[in-house]
Amino acid sequence: MTDFKPRFVKPADTNSYLDKSESYAIETSDFIYNKHISQSIQTQRQRLPIFNNRNHILYLLEKHQTLILVGETGCGKSTQIPQYMIEAEWPGQIGVCEPRRVAAISLANRVADEMGCLVQQDAVGYAVRFDACHNKPKIKYMTEGILLREMMADPLLKNYSAIMMDEVHERSLYTDILMGLMKKILRKRKELRLIVASATLDAKELKDFFNNNQTNEKKKDTAVIMSVEGRQYPVDIFYVAEPVPCYIQASVDAVLKIHSSKQPGDVLVFLTGQEEVERAVRLLNEHAHLLEEAQKKEKLLVLPMYGSLPYHDQMKVFKPAPNGCRKVVVATNVAETSVTISGIVHVIDCGFVKMKWYNTETHTDSLVTLPISKSSADQRAGRAGRVRSGKVYRLYTEEFAAKLALSTPPEMVRSNLTFPVLQIKALGINNILKFNFPSPPPVQNLKSALEILYALDAIDIQGELTAPMGFHMAEFALDPLYSKVLLASGDFDCSEEILTIISMLQVETVFTKPSTGASIIKAKIQKRLFEVEEGDLITYLNVFNGFVQSEMSQGYCHKNFLNYKSLKRVVEIRNRLEKMLKNYDVPIVSSIRSTEAIRKCLVKGLFPNAAYLHHSGVYKTIRGDIELYVHPDSVIYTIPQPQWVIFCEVVHTTKLFMRDLTVIDNEWLLELAPHFYYKTTFHE
DNA sequence: GAGCACTGC
């Protein structure tokens with residue numbers, strides 16, 4: 001039999017690639033234990049690595065418009081720099097953008113603490129969706145989307161004297177839009193300062209992007225790079241000597257090897273998806289059981305961690321393991337940036353990640369498993385060095401590692417661009433090809449976004465935003481197909497119902513799925529009670545109405561296997577959207593007669609996503625003749641297949657699956673989207 | 001019979 005057990009080797013020169021010093025409590029995104037809690041705030045602040053650079057940073061900000069700040073996690077950049085600027089009596093507001101809500105909120109709280117003031121009331125505030133400060137704090141933490149929205153009202157961001165963009169290396173859609181716009185604003189407002197905080201590797205490109213040395217007389221650089229040390233313990237890196245045939249098995253073996261070597265410390269395993277995580281957990285539990293019986297060893301506590309894991313189960317990974325027990329967390333990429341688990345000393349990295357890619361030919365998103373980038377590998381490794389020196393076991397060879405791309409492709413080059421293009425146009429950039437994309441997306445993607453926006457009547461033939469439709473659509477933080485449906489709902493006398501449906505589509509499923517016991521069947525039966533043959537969207541409408549009729553009771557949710565928290569969020573989102581519709585004078589009315597008006601209204605925006613049942617028994621898109629399958633979660637899956645459907649999204653995993661389906665009449669496509677569908681299409 | 005991770009009103 002082949003020996004599947006990975007044999008790890010240590011590369012020649014790396015003792016540690018992370019610098020040696022103490023860990024510190026602050027990190028942007030999360031809550032972790034502050035071991036210096038007993039020290040005074042001032043002492044704590046001065047212990048931060050960035051403190052030594054305080055004056056230099058202030059000096060560079062005086063001399064340069066853009067400061068590219070390269071700093072590892074925990075150096076304190078996102079909490080300290082705004083405070084240094086305040087202490088130096090910097091005028092105006094300082095805005096700090098974070099990719100995640102929790103980061104914006106927790107940073108604001110932390111800084112308010114340090115400044116001895118109240119968050120949202122004094123000098124420090126935050127603004128995230130549903131929760132914004134109404135005063136003008138000196139330091140304002142916010143999500144990237146909020147700043148973009150502020151730009152729509154105030155294109156030169158006149159309230160701000162400085163903007164700091166954090167975690168830029170993650171390169172979200174918003175990061176790239178903001179960077180393109182900031183470049184433009186910086187040219188117009190010479191006194192404005194921009195701090196771009198990023199992990200290593202991409203600093204030079206960022207500097208080149210923002211450098212504006214051609215326009216000033218002395219050809220002086222307007223952008224400058226500075227690095228700040230992080231606070232990490234050293235992490236030893238090990239690679240496998242030979243490629244492993246199966247990284248799930250290899251990760252299990254690696255955990256058991258660490259465990260039997262009796263080195264202390266918890267283990268974090270990176271795999272790519274839920275299925276892999278569950279399989280590894282199962283295998284580990286089987287082995288752990290055998291081990292315990294064979295030898296009276298320290299126990300293994302094996303825990304899964306992934307995004308769709310119920311909240312209660314997610315919380316388990318944050319609890320310290322009981323005495324005499326080693327915690328092993330098997331996680332997807334959530335553990336790379338979004339959550340920090342304390343006590344990790346060993347990291348096992350499979351070297352792969354699942355990523356969404358937009359396919360221009362099929363107009364679909366594919367979820368593909370790809371090798372991670374070098375910066376991602378470093379990020380994962382860094383998770384081992386937070387409490388003491390750690391070890392990372394990479395389940396790939398050193399040669400494989402050498403070939404990894406430097407950084408992950410930005411979301412902008414691998415996304416459906418209808419939403420970003422609409423946003424950029426709403427910010428006054430008509431010629432999208434002239435927009436300063438930090439990484440230009442494929443022209444085909446841009447083209448197909450423009451086609452859809454034109455078909456939705458958001459832009460005219462010249463590519464200019466239509467008034468009022470295009471402008472109104474851009475105000476919604478929604479897929480333009482959905483904002484179109486919302487704005488059309490008044491004409492179909494069903495805005496009440498459409499508001500509910502679109503809001504329901506904004507949350508992860510509202511149905512809870514028990515994983516064990518008789519409740520699996522019970523949950524299915526309860527779900528069946530909401531189901532209607534018109535499809536998933538009308539089913540969601542029933543669920544929401546039932547919830548409202550129960551006076552939003554938690555008991556009702558429990559009885560019907562519905563997620564109470566999600567439904568409460570739907571209520572919030574719905575209220576928001578309703579307010580916006582009222583602003584645009586869309587009448588809030590209900591269609592009591594039948595679901596036909598609702599489904600027609602859905603066609604008004606979702607018409608590009610139409611499919612028909614081919615005589616082969618498989619669905620095909622009208623646009624492009626792509627074969628599609630009904631997702632097993634859909635109510636359509638269990639009933640006789642209807643002839644015509646529209647879908648909300650396609651996921652490309654093992655097959656192309658349509659999700660969130662609605663049964664329609666093909667005549668409606670001709671009636672409501674004659675510019676998109678010709679009669680001939682239907683007669684082949 | 002299938003499920004990377006975020007965010008914006």
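Numbered from 1 within each chain, the chains take letters A, B, ... in sequence-line order.
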- Query: Side chains of A/E475 and A/Y584: does their closest heavy-atom pair fall under 4.5 Å?
  - Reply: yes
- Donor/acceptor link under 3.5 angstrom from A/K655 side chain onto base of B/dG3: no
- Between A/D633 (CG) and B/dG3 (P), how many Å, whole number? 9 Å
- Message: In this structure, how many angstroms lie between the P atom of B/dG8 and the CG atom of A/L427, rounded?
- Response: 16 Å
- Is any side-chain N or O of A/S172 closer than 4.0 Å to OP1 or OP2 of B/dT7? no
- Of B/dC4, B/dG8, B/dG3, the nucleotide closest to the side chain of A/H631 is B/dG3
- Query: Could you state the CD-C1' distance from A/E649 to B/dA2, rounded to the nearest angstrom?
  - Reply: 13 Å
- Here the distance between atom C1' of B/dG3 and atom OH of A/Y637, to the nearest Å, is 14 Å
- Rounded distance in Å - CG (A/D176) to C1' (B/dT7): 14 Å
- Task: Fit a plane to each ring of A/F530 and A/F511, take the angle between them on a 0 to 90° scale, and name the class: parallel (under 30°), tilted (30 to 60°) or perpendicular (over 60°).
- Result: tilted
- Query: Given atom CE of A/M305 and atom C1' of B/dA5, what is their separation to the nearest angstrom?
  - Reply: 11 Å
- Item | Distance test, side-chain N/O of A/R100 to OP1/OP2 of B/dA5, below 4.0 Å | no
- Task: Please report the C-alpha distance between A/S172 and A/T175 in whole Å, then the side-chain angles of each, then the deciding distance to 0.1 Å, and finally whether the side chain to side chain donor-acceptor pair (under 3.5 Å) criterion is met.
- Result: CA-CA 5 Å; A/S172 73; A/T175 311; 2.8 Å; yes
- Answer with yes or no whether A/Y174 presents, from its side chain, a donor or acceptor under 3.5 Å of a partner atom in the base of B/dG8. yes
- Message: Side chain of A/V334 only, heavy atoms from C-beta on: which candidate in B/dG8, B/dA2, B/dA5 is closest?
- Response: B/dA5
- Within-4.5 Å side-chain heavy-atom neighbours: A/W357 and A/H652: no
- Message: Tell me the interatomic distance from A/I177, atom CD1, to B/dT7, atom C1', rounded to whole angstroms.
- Response: 11 Å
- Task: Mind calculating the distance between CG (A/N563) and P (B/dG3) to the nearest angstrom?
- Result: 20 Å
- Below 4.0 angstrom from OP1 or OP2 of B/dG8, is there any side-chain N or O of A/T143? yes
